[in-house]
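Ligands are counted one by one from 1 in listed order, and the atoms in each one are counted from 1 as well.
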Amino acid sequence: MRRKIVAGNWKMNLDFQEAQDLVEGIANLCEEKQPDCDIIICPPFPYLEMTSDMADDTQYFYVGAQNVNDNDSGAYTGEVSAKMLDSLGTQFCIVGHSERRKYYNEDNALLAVKIKKLLEYQIVPIYCVGEVLEEREANTHFDVIKKQIEEALFNLDVADMENVVIAYEPVWAIGTGKTATPQQAEEVHKFIRTLICEKFGEDIANQIRILYGGSCNAKNASDLFAQENIDGGLIGGASLKAEDFISIAVQASK
Ligand code: 13P
């Protein structure tokens with residue numbers, strides 16, 4: 001049985017006080033409801049230390065970053081390295097979110113380097129894949145996802161691949177309120193697991209966790225998580241409310 005993950009991607013939201021209140025709210029609800037899944041909070045960079053301190057104190061959740069630079073260190077103004085994340089106790093990092101692919105032109109080749117860099121520091125990459133609406137309508141989504149998986153992950157060895165989490169986030173479902181149906185999501189998750197199996201073997205394919213993201217919320221989470229190949233969620237909007245986020249974590253615990 002794969003242990004489910006519920007990860008909250010806060011994106012570029014909340015001021016410091018609001019972030020602190022949300023982390024406290026999540027910790028309090030974890031204490032009360034005792035969800036039985038891996039919970040990851042991915043706040044903006046300036047709040048990583050605060051979130052990490054709280055994670056250490058409570059042991060209720062892990063901490064993830066939303067991005068990382070592909071270089072070790074140096075003259076890259078405004079950027080954050082894997083070493084820096086590691087030194088703050090960051091255990092996970094989202095890589096290749098569609099918003100970074102779209103607004104910052106991140107391509108699969110660059111993401112492959114970022115993933116390698118994170119793995120050097122034992123930080124687990126949460127690698128995001130997913131098609132835009134036109135690709136789904138043209139029925140090319142499987143080709144798009146195959147390319148995203150092959151170009152960013154297929155250069156890894158088996159030992160590294162064991163430490164990767166994949167998130168399927170159809171771009172048309174992100175922030176739109178249009179969730180993929182459980183069947184649509186399951187079909188793609190199964191496809192991704194088959195690709196991993198063909199390249200890395202059955203053991204890795206059976207153990208790798210594949211999350212769904214895109215308008216996943218407290219109302220639709222349990223139907224999505226009931227699918228055989230959906231191992232939890234990467235949550236945007238609904239991760240900004242402690243009650244909603246922990247309700248999703250409780251649904252992942254069944
Ligand atoms: P929403 O849950 O707001 O649709 O965002 C999903 C997402 O992009 C998580 O990374």
Side-chain angles (χ1 to χ4, degrees), residues 4-14 18-19 22 26 37-45 47-48 51 61-68 85 90-104 106 111 114-115 118 123-133 135-136 141 144-145 148-149 152 164-182 184-185 188-189 192 209-225 227 230-252:
K4 287 210 168 43
I5 293 178
V6 172
N9 175 10
W10 291 4
K11 309 193 180 183
M12 196 173 73
N13 291 298
L14 311 178
E18 290 166 338
L22 180 53
I26 290 170
C37 63
D38 291 338
I39 296 176
I40 307 168
I41 300 179
C42 304
F45 288 134
Y47 312 152
L48 279 175
T51 310
F61 47 81
Y62 300 99
V63 182
Q66 297 175 17
N67 182 32
V68 66
L85 296 180
T90 311
Q91 298 117 322
F92 292 82
C93 182
I94 298 169
V95 182
H97 193 281
S98 61
E99 287 147 19
R100 294 215 57 92
R101 290 178 189 265
K102 180 175 175 194
Y103 302 129
Y104 304 98
E106 296 194 357
L111 300 172
K114 291 188 177 202
I115 287 168
L118 289 166
I123 298 171
V124 175
I126 302 174
Y127 176 56
C128 302
V129 299
E131 78 285 1
V132 299
L133 185 60
E135 291 161 343
R136 171 142 301 250
H141 50 294
V144 170
I145 290 159
Q148 290 170 334
I149 295 277
V164 172
V165 171
I166 296 172
Y168 170 54
E169 298 207 309
V171 181
W172 47 269
I174 296 178
T176 57
K178 268 195 238 155
T179 323
T181 64
Q184 281 174 322
V188 175
H189 283 231
I192 293 172
R209 290 180 287 181
I210 307 174
L211 315 183
Y212 170 79
S215 298
C216 180
N217 57 40
K219 292 206 175 79
N220 57 31
S222 66
D223 285 348
L224 287 159
F225 297 167
Q227 302 299 310
I230 301 185
D231 306 311
L234 180 54
I235 320 296
S239 73
L240 297 171
K241 288 202 185 105
E243 292 76 17
D244 288 354
F245 186 55
I246 295 306
S247 162
I248 296 170
V250 167
Q251 294 177 50

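With sequence neighbours excluded, no residue satisfies salt bridge (Lys or Arg N to Asp or Glu O under 4.0 Å) with Arg101. Checked against ring-ring contact (aromatic ring centres under 6.0 Å, His included), Phe61 has no partners two or more places apart in sequence or in another chain. Not counting sequence neighbours, Asp244 has no partner by the salt bridge (Lys or Arg N to Asp or Glu O under 4.0 Å) test.
Pocket lining of ligand 1, defined as residues with a non-hydrogen atom under 4.0 Å away: Asn9, Lys11, His97, Glu169, Ala173, Ile174, Gly175, Gly214, Ser215, Leu234, Gly236, Gly237.
In terms of modelled atom types and a separation under 3.5 Å, the side chain of Glu131 and the main chain of Pro170 share no donor-acceptor contact. Without hydrogens or angle criteria, Asp231 side chain to Ile210 main chain gives a donor-acceptor distance under 3.5 Å.
From Ile149, atom CD1 reaches atom OH of Tyr168 across 11.5 Å, with rounding to the nearest 0.5 Å.
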